[in-house]
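See below for the structure under consideration.
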Amino acid sequence: MSISAGFDLLLRGGRVICPASGIDGVRDVAIRNGKIAAVQPDILPTSAREVVDVAGKLVLPGLIDTHAHVYQYVSGRFGMNADLVGVQSGVTTLVDQGGPSCMTLPGFRHFIVEPAKSRVYAFLSAYLVGGLEGHYYPQLYSPDGVDIDATVKAAKANRDIVRGIKAHAEIGGFARWGIRVIEMAAEIGRRADLPVYVHFGQLWGLPASGANGEDADTILSRVIPLLREGDILAHPFTRHPGGFVNRDGEVHPVIAAALDRGLKVDVGHGSHFSYRLAKKAIAAGIVPTTLGADIHGYNTHVPAPAGTPDQHEDDENHPFAGQAKFSLVQAMSSMIALGLSLEQVVPMVTSNPAKMLGREDEIGALKVGRDADVSVLNEVSGRFALRDNEHNEVIAERLLQPAFCLRGGARYGAVASILPQAVAA
Ligand SMILES: [Zn+2]
């Protein structure tokens, strides 16, 4: 066989799960010129220049993290290195949630998207300042800090990168300015014809003057009517007030109707994720659409880039302060430990986010002719303790860990310093 007729790489003998293709079984995956060339049982090993034995491993479409913060340097310590949370963590595609704004998007394209080995999209911030210092200063996020026209214009002019709009509906903002900012964000989404990703759960503290009669448990029912099919409710399982489970411990009654109407749910795991509340919501039938790790510089410990001010690093009251090491793949283990099946969790990081991005014809599936974005995971059996920041613990009997990934056929080891180690229970 001539070289030109052969494959560059063969991933041999793994369990391929590709929800979009309806495949779940042992297959070989062949790569040629950076593209998926074949997904079949028993491809001849001699047909490839390099063969990697992945027997016993999971071979998935390149994982998509719907909630990343990678506007490095510009968003202060908050912004991670894209490839650290991306290809070095077994993840081929990232969606930055609200880092860049209409004013800072050109920098995001030039300094983050273009040099990254990982594929990077953004949900454009509805606010002029974007996610500076992780939204640390609430006064920057009032209705005066939103320019609807400019944000719609930037989104429309950058559709290759901008695939949605990011906004926050939480008690600190509502107590300061009411619902106006979310109305403005919803208008941006409608006019740009992009989904709006809405953060629920307290982010900003209440104003010193008091809460102005606002109640976190009313926010969902007031915001949902502003949203359209395909818009995303994020952080359903937050331990902060304003998530899916109200103060009486019940799943908010408006959620079921919202999901019937086509609204989507993103876990946005992060460090405010509560196993206690997630158990309750999942038992009530909430199956998230997408996962989203929500890793950033306050909930992981990485050395600050030279010259980055660290003024919030030791702030234990910061609502995001928390665990030291995390990954999207660990968030998958977290869902499985809560009782969802692997077959339910894989679409949350592959086919479903591809649809959310309007890119289901390009990513999120192992189909012949597409860019070879592939994530290979190890499955470790045992008893592992997973803990949240409320000190709830769940026992995982199956832990997933990234082995390596291919991004456009190029291979990256899972070498990120933020990858968690298994902790035996
Ligand atoms: Zn976030």
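For this chain, numbers begin at 1 and follow the sequence in order. Quick note: numbers below take in every heavy atom, side chains included, and nothing from hydrogens, waters or symmetry partners. For ligands, and for the atoms within them, numbers begin at 1 and follow the listed sequence.
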Worksheet item: Which of parallel (below 30°), tilted (30 to 60°) and perpendicular (above 60°) describes His168 and His199?
Response: tilted
Cation-pi check for Tyr121 against Arg163: NZ or CZ below 6.0 Å from the six-membered ring centre and within 45 degrees of the axis, yes or no?
no
> Taking the six-membered ring for Trp, is the centroid-to-centroid distance between His67 and Phe123 below 6.0 Å?
Replying inline: no
The atom of Asp294 among N, O or S that is nearest the Zn ion (ligand 1) is OD1
Checking distances from the Zn ion (ligand 1), one finds that the N, O or S atom of His67 closest to it is NE2
Task: Backbone or side-chain N/O/S of His69 under 2.8 Å of the Zn ion (ligand 1) - done: yes
Is there a side-chain contact between Thr92 and Arg119 in this structure, where contact means two heavy atoms from C-beta onward sitting under 4.5 Å apart? no
